[in-house]
Amino acid sequence: MKNLFALLICCFIMSSCNDRHCLFSVNNLYYDSFPVDTAITPDFAFSPELSGSFLGMSEYDGMLFLLTNKMPGGPIQVYKGKNGEYVRRIGTIGRGPNELLIPSFIGPSQNGKQLIVDPSARITALCDLKESLEQGIVCYDTIFNRNDEFMYYFNNNEKTISLLDNVFTLKDMTVDIIDTIFYYENDYSRLYTYIPVVNFGLNKIVLAMSHKNMLCCYDWSKDIKSSVSMIYKDVDNDKLIEVEDNYIFPKYEFYRDITANSSYIYTLFAYNERYIDENTPVNYLQIFDWNLSPIMSVTIQENLHTLILSSDGANIYGYGYDNKVYVYENPIIKYNENINGLSK
């Protein structure tokens, strides 16, 4: 009976992947190491005085915008990224104009615009971070249809990519990269959680899978799919594993977060058993190029769950389970300096 059930699951997966945009139908590449394996420590850390729960973090022009859900400290508090100095509070909590109730920062800020989704206040909008900082209220650049509770939204002033109802949309062309194979269809749990980043210059979107040891890439201009997995040892029995394919109850947590610029993809990799003690630090900053070639693995002792890249690419900001913000120098800078030095 168990074998029959597994066979049915496999048949469902294979039939789902007949779609031309299903990322599970690609020939996956495997790597067992990174060219560079190193470690970093934070330049400094600070504890923001949030009156409510941490809901998200964004950065623009050296300022960190932390999202919370209670007054008087919310909904957005701003700190200087270079030293953690408190700057000001933005906005109030409520249902009125420019107010928020239970908001979320969705995806990275782009050109000083941050997508905010707040179903309770029926708001889906791009927040102008610069103007909001100057005026002390939540200033919207674009307000979308109230029913469009985007999971992700990317734009470069020429193109937009949005994720709504598991469908990525690029301008007038629907690119249904994700289909229902990524979800366990009941109210108990999602099958796979994924986090995307976009490179408009290369026409690529990359997904980091939370409970699958895989990064998936789609080039929408060439209709080319690719994916990569690192090979690790099972934390229980020291057995080499490539990709965990437990479609009902994923055992491991892999990618916690992902951020990127035009040159590199930065992933926060945990490789933890799910539901273990959150105070156990098992974090790696794994850096790939946009061809999904591994560049660098960086051990981070701090137990982080959120990762963002500064707009100038000089720093990496992490938010930890200990409710601290950690600031790191981007290790790729020294890597490139060494590469350039060797080439001279």
Side-chain angles (χ1 to χ4, degrees), residues 44-144 146 148-155 162 195 197 256-259 268 304-312 315-327:
F44 70 94
F46 67 94
S47 300
E49 296 182 4
L50 303 181
S51 56
S53 301
F54 171 82
L55 298 179
M57 180 168 62
S58 185
E59 188 270 353
Y60 175 69
D61 197 23
M63 297 292 181
L64 289 175
F65 297 76
L66 303 184
L67 198 63
T68 184
N69 63 348
K70 287 186 180 180
M71 289 291 288
I76 301 173
Q77 294 186 25
V78 185
Y79 295 82
K80 292 182 179 179
K82 64 180 181 180
N83 56 19
E85 179 183 341
Y86 175 76
V87 177
R88 71 176 306 169
R89 173 175 60 85
I90 296 175
T92 55
I93 291 179
R95 297 182 182 273
N98 304 96
E99 293 184 330
L100 298 169
L101 279 176
I102 308 177
S104 297
F105 280 161
I106 305 297
S109 64
Q110 301 156 89
N111 304 314
K113 306 299 189 297
Q114 175 64 60
L115 178 65
I116 293 180
V117 175
D118 189 343
S120 299
R122 302 189 68 187
I123 285 290
T124 300
L126 285 176
C127 172
D128 188 317
L129 296 178
K130 180 180 179 181
E131 187 176 352
S132 299
L133 180 61
E134 292 174 350
Q135 298 192 24
I137 62 173
V138 180
C139 299
Y140 297 126
D141 175 81
T142 304
I143 298 179
F144 299 98
R146 289 182 175 182
D148 290 340
E149 294 177 8
F150 294 122
M151 292 181 64
Y152 289 97
Y153 181 90
F154 301 89
N155 75 90
S162 60
I195 315 163
V197 288
R256 285 181 174 174
D257 208 352
I258 185 172
T259 186
L268 181 61
L304 309 177
H305 59 73
T306 299
L307 188 75
I308 62 173
L309 184 67
S310 65
S311 50
D312 61 4
N315 295 106
I316 292 172
Y317 303 101
Y319 200 91
Y321 283 103
D322 57 1
N323 294 315
K324 290 183 179 179
V325 175
Y326 293 92
V327 183

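- Taking CD1 of I308 as the start and CG of N315 as the end, the distance is 10.5 Å to the nearest 0.5 Å.
- For the atom pair CG of L55 and CG of L67, the computed distance is 5.0 Å after rounding to the nearest 0.5 Å.
- To the nearest 0.5 Å, atoms OH (Y317) and CD (E59) are separated by 5.0 Å.
- In plain terms, the two heavy atoms of A125 and Y140 that are nearest each other are CB-CD2, 3.5 Å.
- Contact record, F44 with G84: CE1-N, 3.7 Å, taken as the closest heavy-atom pair.
- The main-chain N or O of S53 is found under 3.5 Å from a side-chain atom of T68 such that the two form a donor-acceptor pair.
- No option in Y86, Y79, Y326 other than Y79 meets the ring pair (Phe, Tyr, Trp, His ring centres under 6.0 Å) test with F46.
- Side-chain N or O atoms of S132 include one that pairs as donor or acceptor with a backbone N or O of C139 at under 3.5 Å.
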>> Apply side chain to side chain contact (heavy atoms under 4.5 Å, CB included) to residues Q114 and F65 and explain how you reach the verdict.
In response: CA-CA 10 Å; Q114 175 64 60; F65 297 76; over 6 Å; no
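- The distance from atom CD of Q135 to atom NZ of K130, rounded to the nearest 0.5 Å, is 12.0 Å.
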>> What verdict does the side chain to side chain contact (heavy atoms under 4.5 Å, CB included) test give for D61 and L133, after you've listed the backbone C-alpha separation in whole Å, the side-chain angles of each residue and the deciding distance to 0.1 Å?
In response: CA-CA 11 Å; D61 197 23; L133 180 61; over 6 Å; no
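- Under the 4.5 Å side-chain criterion, counting only non-hydrogen atoms from C-beta, L64 is in contact with V325.
- At least one side-chain heavy atom of Q77 sits less than 4.5 Å from a side-chain heavy atom of L50.
- Smallest separation of non-hydrogen atoms from S47 and K324: OG-CG, 3.4 Å.
- The two atoms that bring L309 and T259 nearest to each other are N-OG1, 3.6 Å, heavy atoms only.
- Residues D128 and E131 come closest through the heavy atom pair OD1-N, 3.0 Å.
- Between the side chain of D257 and the main chain of L307, a donor-acceptor pair closer than 3.5 Å is present.
- Nearest heavy-atom pair, P75 versus I90, reported as atom, atom and distance to 0.1 Å: CD-O, 3.3 Å.
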